[in-house]
Amino acid sequence: MRVIGQFHNTYIVCESEAGLILIDQHAAHERVLYEQFSARSSDALKADQGQGLLVPETVELGYREAGVLEKMVAELKDMGLDIEPFGGNTFVVKAVPVLLAGREIQPVLIEIAEKIAETRTAPGLAAALDQSRMVMACHAAIRANQALSGVQIKGLLDQLDGCRNPSHCPHGRPTWIHWETRALEKSFQRIV
Ligand SMILES: [Zn+2]
């Protein structure tokens with residue numbers, strides 16, 4: 001497969017023997033990060049997960065969100081997200097996963113709590129942890145409308161190639177669509 005370039009700074013355009021491929025860069029990166037977050041929950045990788053913040057950040061959440069997150073403190077810490085209740089609905093963020101470094105953390109926490117409340121999964125259960133990983137992957141991933149260098153594109157495609165389930169993002173959207181050369185030739189009426 002050969003990279004042709006980026007379309008609208010949102011899709012990666014590639015060609016192969018078989019045809020033309022468009023890859024959604026956000027969905028693809030989300031898949032890569034989700035699998036990394038999942039793998040890093042294993043004990044062996046706990047050590048290098050979190051990135052301490054120089055100045056711990058405090059975030060103020062809603063009553064319901066705070067209630068959900070309070071029950072998940074231990075599990076989130078295992079994922080590299082070290083938060084501590086600080087009275088009322090406030091939490092101190094002491095460390096974040098390296099992959100989330102530089103991203104705003106309050107929206108991540110709010111979305112994790114919302115997703116868990118929304119899906120009615122109890123904090124601490126596998127489904128709740130999975131929701132948390134998806135939220136973190138989404139926030140850490142390359143966005144649409146983001147220009148990528150050739151090196152970044154190659155890095156992303158290599159990582160996607162190493163995924164267990166590369167064809168879909170964790171939410172179930174396809175990461176790529178493709179057109180076979182034959183189908184294109186038919187559309188142009190080069191062949192019948
Ligand atoms: Zn997704």
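When a ligand or atom number is given, it counts from 1 through the structure's own listing order. Worth saying up front: this structure is predicted, and the values here are computed from it rather than measured.
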Euclidean distance, S187 OG relative to W179 CH2, rounded to 0.5 Å: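 Spacing of CH2 (W179) from OG (S187) equals 10.5 Å.
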Interatomic spacing from NE2 in H178 to CD in E180 - rounded to 0.5 Å: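 Output value for this atom pair is 4.5 Å.
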Short N/O/S contact of C169 with the Zn ion (ligand 1) (below 2.8 Å):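 Within the cut-off used here (under 2.8 Å), C169 does place an N, O or S atom near the Zn ion (ligand 1).
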E30 atom (N/O/S) at minimal separation from the Zn ion (ligand 1):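 This residue's closest N, O or S atom turns out to be OE1.
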Identity of the N, O or S atom of H171 lying closest to the Zn ion (ligand 1): ND1
Audit row: W176, D24, side-chain contact (heavy atoms from CB on, under 4.5 Å) steps and yes/no: CA-CA 6 Å; W176 71 69; D24 181 318; over 6 Å; no
Donor on one side chain, acceptor on other, H29 and Q25, under 3.5 Å: no
